[in-house]
Amino acid sequence: MVSRVIPVDDFDLVIFGATGDLARRKILPGLYRRFVAGQMPETAQIIGAARSELDDDGFRAETARAIEEFAGNGGPDSARLEAFLDRLSYVPIDAKGTAGWDDLKARLREGVVRAFYFSVAPSLFGDLAEHLAAYEIAGPDSRVVVEKPFGRDLETARALNATLARHFAESQIYRIDHYLGKETVQNLMAVRFANILFEPLWNAQYVDHVQITVAETVGIGGRGGYYDQSGAMRDMVQNHMMQLLCLIAMEPPYHFDPDAVRDEKLKVMRALEPVGADDIVRGQYQAEGETQSYLEDAGNPESRTESFVAMKVHIANWRWPGTPFYLRTGKRLRARTSEIVVTFRAPPHSIFDDGEAPTPNQLVIRLQPNEGMVMTVMIKEPGPGGMRLVQVPLDMSFADALGPEGTDMPDAYERLIMDVIRGNQTLFMRGDEVEAAWAWTDQIITTWEEGRSAPEPYDAGSSGPEEALRLMHRDNRRWREIRA
Ligand code: BG6
């Protein structure tokens, strides 16, 4: 496979919150990898801005440590690392006051792409946007990147959208959902819309049900303060899971164009039926062996926040009547795996009297680990013994099919940051999409909060609460096993 790295235009990127966790783990190592790949121009500038009193060299030294820890690929190449660090500088800045803003303005160049990454608490978005406008640092061509959590309900999301809209047009705002930057998530669109094979079957007549699982082995350690106020519903379902659901269920956009794709996703969100209490299971992990319980991790013995959620969802439109979408996500589960399983209906009639009934075809789209796709088909078991049917996988692991480059794919953040510089919003959430997602999740969360029901316990390292298994069993279906 030939690698086709297309360099982006020259840019100045200002990272607010440059000494924070996300910048250290994802943004700076991601930029370094794009630099090494030859995608980031040698003249591009990255300016860190945060409260800490660092100078340029101090920031470069911190960044070098972050890259050594998080950039992967057996550690950085020292010559390339030096060249990358040369592109970095740092401005101590007061988001609410005047310190640092003139300095920041003086460092920016004219005639290059200008982007501002708000890797800070949403409560600071307004202050940053106002200062960028007041000091005439951001203009009509500048871009602003914002991270989740984008609000904690519809009302707060609307307020954030309104705050940003005071200073930026929608076409300048890049709301990150890093799941949209994952290779296989984009591949979902390629598989659906670049092949004739699947689309004719992609509807309630041929699809029995769809499962979307995002299972994690990590707990909430270190993030208890944030997580305990959010839970799996706000942390994973409202954003990542709903984006996956939309990409699986949406109509073909007329073009692979930001608004065309986002219009179709929005239609799915608006067609989601409310979820009844019987169709949803919340769970909370219990201690197991050395592993602490959720309550210990959260430091809140009274917490009723869910670290797991499973639900059955229906989409009220012409394509999907009667085809349920089962969503499941949780922390401290048996394995780290994210996959989408499309189970087709059984053939309407079996001609093989003696054999077993054919097992329905499944298309398994694996997001992580080992990105790839598997389609199961029925064949005749080889050899004598009559017409015995057996299910076999048609396996397409990207690593096998595409060679080493198939596995060395850019991390979601790398891809998304380069898209910001290119000015391509396809993989970013539009304001109305975020609001529609909150409108739907809000009704579920409100019902829980009114009922004050406790989440179901599950053992750390398991597949989640028993009730989640029953959610499927009662429909004569079963979850695909969670395995790495
Ligand atoms: C984040 C959530 O958005 O996604 C985390 O806040 C979660 O709780 C993470 O662990 C999962 O991302 P990934 O890329 O590791 O699947």
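Ligands are counted one by one from 1 in listed order, and the atoms in each one are counted from 1 as well. What you see is a predicted model, and the numbers here were worked out from it, not measured in a lab.
- When only interatomic distances are considered, the shortest N/O to N/O separation between Lys331 and ligand 1 falls below 3.5 Å.
- The residue among Asp235, Val214, Thr337 with a heavy atom at the shortest distance from atom 2 (C) of ligand 1 is Asp235.
- Residue His178 approaches ligand 1 through these ligand atoms, each under 4.0 Å from one of its heavy atoms: 1 (C), 3 (O), 4 (O), 12 (O), 13 (P), 14 (O).
- Taking 4.0 Å as the cut-off between side-chain N and carboxylate O, Glu435 and Arg158 count as a salt-bridged pair.
- Annotation for ligand 1: atoms under 4.0 Å from non-hydrogen atoms of Arg336 are 13 (P), 15 (O), 16 (O).
- Ring geometry for His178 versus Tyr413: interplanar angle under 30°, hence parallel rather than tilted (30 to 60°).
- The proximity of Glu147 to ligand 1, defined as any non-hydrogen pair under 4.0 Å, does not occur for either the backbone or the side chain.
- Remark: ligand 1 atoms within the under-4.0 Å shell around heavy atoms of Lys182 are 13 (P), 14 (O), 16 (O).
- Ring centers of Phe325 and His314: at least 6.0 Å apart, outside the cut-off.
- Contact between Tyr227 and ligand 1 is absent, with no heavy atom of the residue lying under 4.0 Å from the ligand.
- Annotation: cation-pi pair Arg175/Phe150 present, NZ/CZ under 6.0 Å from the ring centroid and within 45° of its normal.
- Under the side chain to side chain contact (heavy atoms under 4.5 Å, CB included) test applied with Phe118, the options Leu132, Leu124, Val14 reduce to a single match, Leu132.
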